[in-house]
Structure formats: C-alpha cells, structure tokens
Amino acid sequence: MLFSKMFIPTVKEIPKEAEVISHKLMLRAGFIRKLASGIYTWLPLGLRSLRKVEQIIREEMNKKGAQEIIMPFVQPKELWVESTRWEKYGKELLRFVDRNNRELCLAPTHEEVVTDLVRREVRSYKELPLTLYQIQTKFRDEIRPRFGVMRGREFSMKDAYSFDVDEAGAEASYKEMYEAYVNIFNRCGFRFGVVEADSGQIGGSFSHEFMVLADTGEDVIVSCDTCGYAANLERAEVGIIEKGVARKKDLHKRVPTPGQRKIEEVAAFLGIPADKLLKTMVYNTNQGIIGVLVQGGREINETKLKNLLHLDFVELASESVIEETTGGPLGFSGPIGLSIPLYADRDVMFMEDFVVGGNERDVHIVSVNIDDFAVKDFCDVKVAVAGDKCPRCEGRLNTTRGIEVGHIFKLGLKYSKAMNAAFLDKEGKEQLMVMGCYGIGVSRIVAAAIEQGNDENGMILPAAIAPFEVTVLPVNTTHAESLEIAHAVYKGLLDKGIDVLLDDRDERPGVKFKDCDLMGIPLRVTIGERGLKEGLVEIKLRGEKESQKIRKEDIIEKVVEHVQKLKHL
RNA sequence: CGGGAAGUAGCUCAGCAUGGUAGAGCACAGCGUUCGGGACGCUGGGGCCGCAGGUUCAAGUCCUGUCUUCCCGACCA
C-alpha cells in the first residue's frame, strides 16, 4: 500500500475521551473512531490488525477440526426463553421488537442458536463430536463501556461450541481448544497466563481464562509461584493456616465506642490491630437475609459467596434492613444475638478474644470467642490478597493484573438439557449432548497487544498483529534516486509476500518517522540521500533504539530474514 | 442505576466568578522559505458556544429542564 493513498487519519493531540494507553493510541494512529459510547468504526489500519488476529484464530481453530459458520446477530426471544436466559441475562441483553411486534434481541453470545441448530440437524452419535465456531459481532449493553474497544458494547468475538457424546469426549474437546488457545496467544506474541475462572452468565461447571499480562488490565490474577496455581481474583481460593485456639466462652463485655463504625476506627479507638476485630456484613440474597463474618481488614468475595451458597444474587443489605435484622445501626453489627444464618470465613475459626459489633448504636463487644455465637458454616469467602497461603500447596499467593482475552467453559448439559439437544447412541437410546463453549475477544486482542507493547512514541506491535510488517520510508520524496530505490525495495518486498507500506508522502521526515512509530510497524527501512551516497539504506526495528546500515543490494534479503524471525518469535 | 466531571472551530482547550464585536494552538487551503525526528512566515476558509425553555434592552456567560460523553462502583470476550 501507498501511504499517500491510504485513509490513515493520525492525530497529534491526545484525545480527551481516552483513558488507557491502547485506546489513546488506537485513536491517534487512526485505527478506530467512536460512533457512540462503546461502539466503534474500524479504519483501514485497525481493520488490517483485526483481520490478522482473525486469521490466526481461524487457522488454529481449523487445525483442531473446528468448522466455521456464521450465525445471526439478531435472534428471536423464543430461544432465549427456552434456555431461561431471557429473564436471567439482565440488561446487557439488548431487546427490541420488530414491525410485527415480535420480540428480538441482539446476540451477546450464541449458545441458544448453535444448540438449536445442532439439535435439529444432528441425530446420531456417528455425527459427533462436532465443534462449530464463528467470528462475529456481539452486542452487550454494558453498564459502563470503557477503554475503547477493550470493553465496547459492540465487539468482535470468536465463539466456538463443542458437542460430544459423553463427558470424556467433552473433556477431550476442551483440551483441544485449550491447546488451540495457547497456540493462538503465542502466535499473537503475548505474555499471558491461564487461570481458573468463574463461569458467570454462561454457566457450566468450570472454566479457564486466558489473561494477557498488563498492569492496566481490568482483572486481578492470583497465582502461586510454587505450584503454578492461578485464578481470577473473583474465584481465587485461599489456603487455611490452622492454629490451636483455647475454647473460651462467655468472657465478653460490652464497651462504648461512640461514633466508631469502620474497622480502622474501632481498632484505633480500642488500640488493637484490625485483625482482632470481626467484621459482620449483612447481605440480602434470593434465599433471604444472611450474615457473613470475616476478619477485620479483609474483604468478602461476593462471587465466591454466591457460588458457595448457590445463590442467584447477593447484595449488601440496606441500612434499614440492617437495623431491622440486627437492632443496631450500620457499623455496629455483630454476630451475638443474631437469628439470621451466619457464614464465617475459615480464618474466624482460629480467632481468639476478638471484638464484634454490639448490634446497638455506639456499642462493641470485646473478649469475644467463637463459641459465643452460632455459625452455620465456615467457608472460604474472603478476597485473596498477596501473601495469603496457596490453596493447593504451602506456597504464598501473589497478584498481577491481566486482560481477559479468552475464556473456555465446560458447559456440560446446561443447554442441551434446557433445549433438549439429544442424539441416539449405539444402543439406540436417546442421550443429551455434552457441550463446551470457547470465546476469544478478537477486537480486545488488538487493544491488549497495544497495552503490552508501547512506548512514548506509540505502539510497538508484534509482527503477527501489526497492520503492516514493514514501512519503506524515503526521507525526501523530491530526491529522485531515493524515491526510485524506495519503490524498488517496496516492489521487491511485495514480491516476497511481505506486508509493506510505502510512505511516499511529500512530508517532512519528522512527520513520517513519527507516524511510523505511532502505528507500531515492527520494521522500518529508511532510504535517504546521505546513505545512498555510500550505497547504504537503514533498517530499524521498532522495539530497538539503534538502526543498522545495510548495502542497498542486500536490503530485500535482510528484511525478509528479519520479518521471518519476528513472526516465528 | 448510584457518585463525580465535561460539552465553545476537525482536534486540544481559553473565554463564563462580574452578561455587551466568539478566541488561541494544532489541523485545513494558497504562496514563499525549508527538508534525517510532528518546520517557519504571510494570507485565507471554517462556529445553531450540545439541545429546549426561561430571566434580561442584551445570554457562550445567569436560571430550569433535557441529551450526550468521560471518570469511580456492580457485568464480561
């Protein structure tokens, strides 16, 4: 491509709307433009990157025998009612009616549609296993879209669905996809990790997330260097540290703590460390009001709580509910005398002589012990923090941040049961298909690559994702020889199958260098009057400071060599 | 949905406390000088001051409403 002919609107100013680096750079480099909140146009340069990511995914999926299809973006209500998600999915599901008052939605995911397709068409075990995938636009009416295409409402996703005759088959399909994902993210040049995750809205028994490691990531990853355990913070378990406790009882005394509501306030007021306090949180759930106890200074992990107690929803109780159920105001709740079910973090088992709220304004109770109140169950409900014990070994946990780019789920029978996706086995008996589903955020990958590769001058993209592999940059296009050589190099590289951009614009060199850096093109060939006098041209890697001078006759060969090296990482 | 901020030229923003000719830099067009890291000079085009009401002789500026965008929490590829 010739730069002069290509639609590449770069900008110098930092766009006001952007917060994270990838969003800023994608706007500045002319990759994307916003149409509405969370909805973006992909411009030629950005689209080239997006297409490259798609192609990598396609190749790796096909290698595993998955077959590409495209399913509708607009879907009828009926299917969603059948899977019960019409009511459960919530407001992210954008619903509307057509001219005939038929209720429809924009697809946020496609389990219903594939399951419907496969149940209609597949009758026999002989046709299984089957894995279908698509690369398609999704729409989720996110509460808060942000970070550009990282969390858009409309976005491109690769979603694959596997159908197997039994659990073992499903296991094998899951493993195949897991491998494909590792290959895909390696080819994208990512530093990434795989973590155990919560399966959320999609459901199913367990799942893994593929996380690109980046400080700006929205997710927190908890991991153990000793045994390799890694999990999303919302699911991360914490190991127990057991220690003996004296079974003391009935020693507690009520003390005045005027105006001290927060853990830190009470701890400071009583002159004790925060971990000598017991935090009592009152939750409103679909199974009624419950109390959750955790050591002071620790947070309760609501996702874990929800999964442990098999709840559909949990939310902190309002002030009025707290007063009704405990008899005291917010900030003074404690377990003693409460009649609601109490669930305590396992740490609480080993606490001794601690402080709890008195369920009365300005009162706390000191010298409390575990036998002073009844706990329904001790479980792992706290948010993991760095330094906690690993749940799988004796190691310690640490935390990093990541961007979720892939998520694979074992769905089991969830959808096949709800929608009756069945086949006949060898004995002629009807069986339900065992499903799995596998997503990759395609547009998000482009953003993640930029989060992981950038400097003060712009993007530093891996060759596999960059819109072009090479820029040929004649410093002065009015210098006939420069331009002539530039064209020759450009043609030569095209012939070798290299993705090359020729910056043939009559611009000052600085402008062209800046644009080239901004766009993150991994390799730059600079052709200038000065070097040509000695028969030399320059080659520079985007990620490196120094350029090398190459004899102009050798340039094609050298560039091809470099590109190959860059792509095979 | 709750909490916060902002909407003025294509972009980044000033002007608004105290109402009175709509501004700067960048970008864009023309001419000239420049030409290895976002050049300089001159000239020029460009604005329903988010939208709708209101107060006023007079509103970008004051008041009310509304829409949009962004940031902080709950969702997720």
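A note on names: the letters A, B, ... follow the listed sequences, proteins ahead of strands, and every chain is numbered from 1.
- Among the heavy atoms of the strands, none lies under 4.0 Å from A/Ile445.
- Phosphate contact (OP1/OP2 of B/C72, side-chain N/O of A/Arg146, threshold under 4.0 Å): present.
- Place A/Phe147 and A/Pro15 on RNA chain B by their nearest nucleotides, and A/Pro15 ends up nearer the 5' end.
- Remark: the A/Glu538 side chain and the B/G36 base include a donor-acceptor N/O pair separated by less than 3.5 Å.
- Counting non-hydrogen atoms under 4.0 angstrom, A/Asp219 reaches a base of the nucleic acid.
- Residue A/Arg151 places a side-chain atom within donor-acceptor reach of the base of B/C76, judged by atom type and a 3.5 Å distance cut-off alone.
- No contact: A/Arg153 has no heavy atom under 4.0 Å from any strand.
- Nucleic acid contact for A/Lys158: none, since no nucleic acid atom lies under 4.0 Å from a heavy atom of the residue.
- A/Gly441 comes within 4.0 angstrom of a nucleotide base, judged by non-hydrogen atoms across all strands.
- Of all nucleotides listed (B/C76, B/C1, B/G38), B/C76 comes nearest to the side chain of A/Arg140.
- Seen from the ring of A/Trp86, A/Arg95 counts as a face-on cation partner, given the 6.0 Å and 45° thresholds.
- Using a 4.0 Å heavy-atom criterion, one finds that A/Arg524 contacts the bases of the nucleic acid, with or without backbone contacts as well.
- Within 4.0 Å of A/Lys16, counting heavy atoms only, lie sugar-phosphate atoms of the nucleic acid but no base atom.
- Across all strands, A/Glu142 comes closer than 4.0 Å to base atoms (heavy-atom distances).
- Here A/Phe513 does not count as stacked on B/G36, because the ring centres are not under 5.5 angstrom apart with planes under 30°.
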A/Arg151 vs A/Glu142, salt bridge (Lys or Arg N to Asp or Glu O under 4.0 Å): CA-CA, chis, key distance, verdict:
CA-CA 8 Å; A/Arg151 177 171 299 282; A/Glu142 293 282 347; 3.4 Å; yes
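- A/Gly148 comes within contact range of no nucleotide atom at all, as no heavy-atom separation falls under 4.0 Å.
- As judged by a 4.0 angstrom heavy-atom cut-off over every strand, A/Val475 is placed among the base-contacting residues.
- Across all strands, A/Gly439 comes closer than 4.0 Å to no nucleic acid atom at all (heavy-atom distances).
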